[in-house]
Amino acid sequence: MARFQAPKGVSEYVPARSTYFDYVRGTIIESARVAGYQLMELPIFEDTELFSRGVGESTDVVQKEMYTFEDRGGRSITLRPEGTAGVMRAVIEHNLDRGQLPVKVYYSGAFFRAERPQAGRFRQFYQVGIEAIGLADPRIDVEVIAVADRAFKELGLTKYRLEITSLGDALTRQNYLVELRKYIATIPLDAETAARAELNPLRLFDDKREEVRSMMQSAPVLMDYLTGESTEDFRRVQELLNLLGINFVINNRMVRGLDYYTGTAFEFVHSDLGAQSGIGGGGRYDGLMAQLGGQELSGIGFGLGVDRILMACEAEGISLPEGFGLDLFIVPLGTGDAALKIAENLRERGIHVDLAFGDKALKGGMKSADRSGATYSIVIGADELDSGIVALKEMKTGESTSVTLSALAQELIERISNFGEHS
RNA sequence: GUGGUCGUAGCUCAGCUGGUAGAGCACUCGGUUGUGGUCCGAGAUGUCGCGGGUUCGAGCCCCGUCGAUCACCCCA
């Protein structure tokens with residue numbers, strides 16, 4: 001019988017790489033927590049209409065990338081392709097928008113898009129996102145960007161850049177698109193490209209072909225059509241980014257894949273990732289809440305691709321710590337029961353302990369200790385149990401010190417410099 | 001949905017113009033009494049992705065199929 005295989009295009013993590021994935025995700029979440037964002041744990045499937053209305057009927061995401069199915073009650077259900085629409089639904093449903101504003105939440109989990117997989121693109125992928133709802137102020141825009149930037153810096157990433165733009169309000173965009181279409185009508189395009197331009201003229205700015213790019217050089221840019229208020233907000237965003245020492249470049253041809261963005265929009269791009277270089281992006285969405293049946297509230301948020309961020313760390317050669325490394329490895333010599341009991345006592349004190357099971361010779365046991373990556377090891381045989389004294393060995397240096405079994409936990413806690421931080 | 005590349009041991013791969021399958025790493029055991037990493041020795045491992053065809057003979061050639069991967073469209 002053929003062996004089972006994971007479905008096409010899913011990203012999954014097993015040891016040892018899973019420890020790095022966990023660390024990357026944890027770092028991003030921590031960056032959100034230190035800024036006061038609270039957990040929103042939501043379903044991975046929703047009413048299909050939530051996405052078609054929220055994300056936008058004309059987007060590729062809705063038109064051809066959703067995993068949609070009918071449940072047993074005949075309802076149309078879709079696996080979430082992004083996080084913001086679900087958060088808005090939950091905020092409205094639980095009346096969070098009636099309390100203190102802004103509502104600041106983060107989420108983390110799997111998302112789904114039925115695309116052809118390639119490097120950095122998966123059908124099931126992981127995102128951590130945050131949303132700040134109910135406040136239209138450049139300060140919160142910049143706080144959101146800072147949460148992402150801080151996470152990247154904490155991870156040690158350097159080869160990424162922040163691109164920002166302003167998409168203006170709905171009216172501005174409408175007026176601009178009319179002008180852009182007029183311009184596009186004047187340039188020669190093949191049928192396929194023309195069809196794309198018809199659907200969303202902004203996409204031509206992203207075209208990979210040099211001839212198209214150069215023709216778009218002199219196209220009108222949205223920035224020139226912004227209202228006074230939008231222009232001022234955008235200026236403030238730049239001013240505040242500078243205040244916080246966050247580097248950025250203005251990209252007034254940025255294309256966003258989701259329809260709901262207005263005003264500030266941004267994207268983090270990494271240079272060493274191949275075709276899928278975006279590691280995260282987001283922006284302000286003014287009309288979304290109302291569109292989904294809630295109050296007229298503005299919001300801003302981002303989604304960061306955990307898979308791609310891990311790939312970026314690897315591409316930069318960053319050596320990531322293993323979030324839950326072992327402190328101690330116990331090698332029993334015919335004393336398995338006692339060793340298990342000692343391990344449990346230490347674990348209750350929060351020390352990370354593993355031990356050799358089965359009847360291993362000393363040499364084999366020490367080999368296991370070595371490969372476990374534990375900082376320390378002890379051997380427990382009849383002698384140690386009789387005397388109550390063990391040799392606590394530091395694996396890296398090979399040095400060992402005599403410690404009584406009763407003082408072992410305290411000794412380890414004192415020695416482990418990062419104690420209390422590794423969870 | 002479209003196109004390129006690739007499927008040989010757990011991993012990375014070699015295998016000459018077709019002659020009955022190899023290396024390195026990893027793994028297990030050992031190098032005389034209870035201390036790992038280096039070194040030395042021994043050992044286990046494959047329906048050469050799958051199906052068909054050509055041939056005396058196919059890992060190698062042909063057709064199909066499945067899978068992986070990268071790119072396009074689009075996007076985290």
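Heavy-atom basis, side chains included; hydrogens, waters and symmetry copies ignored. Naming: A, B, ... by sequence-line order, numbering from 1 per chain.
The distance between atom CZ of A:Arg121 and atom P of B:rG1, rounded to the nearest whole Å, is 14 Å. Distance CD (A:Gln276) to P (B:rU69): 14 Å, rounded to an integer number of Å. In this structure, A:Glu267 places its CD atom 12 Å from C1' of B:rC74, rounding to the nearest Å. Between the P atom of B:rC75 and the CD atom of A:Glu163 lies a distance of 14 Å, rounded to the nearest Å. Per the geometry, CG belonging to A:Leu273 stands 16 Å off P belonging to B:rU69, to the nearest Å. A:Tyr160 places its OH atom 18 Å from the P atom of B:rA76, with the value rounded to the nearest Å. The distance from atom CZ of A:Arg80 to atom C1' of B:rA76 is 13 Å, rounded to the nearest whole Å. The interatomic distance linking A:Met66 (CE) with B:rC75 (C1') rounds to 15 Å, in whole Å.
Below the 3.5 angstrom threshold, one finds no donor paired with an acceptor across the side chain of A:Gln5 and the base of B:rA68.
For the P atoms, the distance linking B:rC6 with B:rC61 amounts to 11 Å, nearest Å. Taking atom P in both B:rG18 and B:rC56, one finds a spacing of 16 Å when rounded to whole Å. To the nearest whole angstrom, the two P atoms, one in B:rA58 and one in B:rG52, are 13 Å apart. Taking atom C1' in both B:rU2 and B:rA26, one finds a spacing of 40 Å when rounded to whole Å. Between B:rU28 and B:rG10, the distance separating the two P atoms is 16 Å to the nearest Å. Between B:rG22 and B:rA44, the distance separating the two C1' atoms is 16 Å to the nearest Å. B:rG31 and B:rG67 are spaced 50 Å apart, taking the P atom of each and rounding to whole Å. For the P atoms, the distance from B:rA71 to B:rU38 is 37 Å, rounded to whole Å.
Going from atom CG of A:Leu50 over to atom OG of A:Ser76 covers 11.5 Å, rounded to the nearest 0.5 Å. Rounded to the nearest 0.5 Å, atoms CZ (A:Arg161) and CD1 (A:Ile279) are 10.5 Å apart.
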Exercise. Can you run through RNA chain B from 5' to 3' and write each base as (, ), [, ], | or . depending on how it pairs? Watson-Crick or G-U wobble, both distances under 3.5 Å.
Key: (((((((..((((.....[..)))).(((((.......))))).....(((((..]....))))))))))))....
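B:rA76 has its base stacked against the ring of A:Phe125, the centroids being under 5.5 angstrom apart at an interplanar angle below 30°.
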Quiz prompt | Full working for side chain to side chain contact (heavy atoms under 4.5 Å, CB included) between A:Leu79 and A:Phe69 | solution = CA-CA 9 Å; A:Leu79 300 182; A:Phe69 60 95; 4.1 Å; yes
Exercise. Test A:Asp149 against A:Phe268 for side chain to side chain contact (heavy atoms under 4.5 Å, CB included), laying out the working first.
Key: CA-CA 9 Å; A:Asp149 193 63; A:Phe268 288 90; 4.0 Å; yes
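Checking B:rA76, B:rG3, B:rG67 against the side-chain heavy atoms of A:Arg116 singles out B:rG3 as nearest.
Checked by atom type and distance alone, the side chain of A:Thr48 pairs as donor or acceptor with a backbone atom of A:Ile77 at under 3.5 Å.
Pairing each heavy atom of A:Leu96 with each of A:Val103, the nearest pair is O-CG2, 3.5 Å.
Heavy atoms of A:Leu304 sit nowhere under 4.0 angstrom from any nucleic acid atom. Using a 4.0 Å heavy-atom cutoff across all strands shown, A:Gly120 reaches at least one base atom of the nucleic acid. Nucleic acid contact class of A:Tyr126 (heavy atoms, under 4.0 Å, all strands): none. At the heavy-atom level, A:Ala119 lies under 4.0 Å from the strands shown only through sugar-phosphate atoms.
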Mind listing the N/O atom pairs, protein and nucleotides 44-51 of chain B, below 3.5 Å?
none

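In this pair, A:Phe111 and A:Phe125 present their aromatic rings tilted. The plane angle is within the 30 to 60° band. Classification of the A:Phe266-A:Phe302 ring pair by plane angle, with boundaries at 30° and 60°, yields perpendicular.
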Quiz item: How does protein reach along nucleotides 30-38 of chain B, written 5' to 3' as B (base within reach of a heavy atom under 4.0 Å), S (only sugar-phosphate), or - (no contact)?
Solution: -B--BBBB-
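OP1 or OP2 of B:rC72 sits under 4.0 Å from a side-chain N or O of A:Gln118.
Between A:Lys341 and A:Glu344 there is no salt bridge, since no side-chain nitrogen of the basic residue lies less than 4.0 Å from a carboxylate oxygen of the acidic one.
Inter-residue side-chain proximity for A:Tyr37 and A:Glu143 is flagged as met; some heavy-atom pair is nearer than 4.5 Å. Contact check for A:Leu226 versus A:Tyr176: no side-chain heavy atoms found under the 4.5 Å cut-off. Using a 4.5 Å heavy-atom threshold, the side chains of A:Ile140 and A:Ile300 count as touching.
For the pairing with A:Ile330, the side chain to side chain contact (heavy atoms under 4.5 Å, CB included) check across A:Ile378, A:Leu340, A:Thr335 returns one residue only, A:Ile378.
Comparing A:Gly303 and A:Gly274 by the nucleotide of RNA chain B that holds the closest heavy atom to each, the one mapping nearer the 5' end is A:Gly274. The residue among A:Pro7 and A:Glu65 whose nearest nucleotide of RNA chain B is located toward the 5' end is A:Pro7.
A:Tyr260 and A:Glu82 form a side-chain donor-acceptor contact under 3.5 Å, judged by distance and modelled atom types alone.
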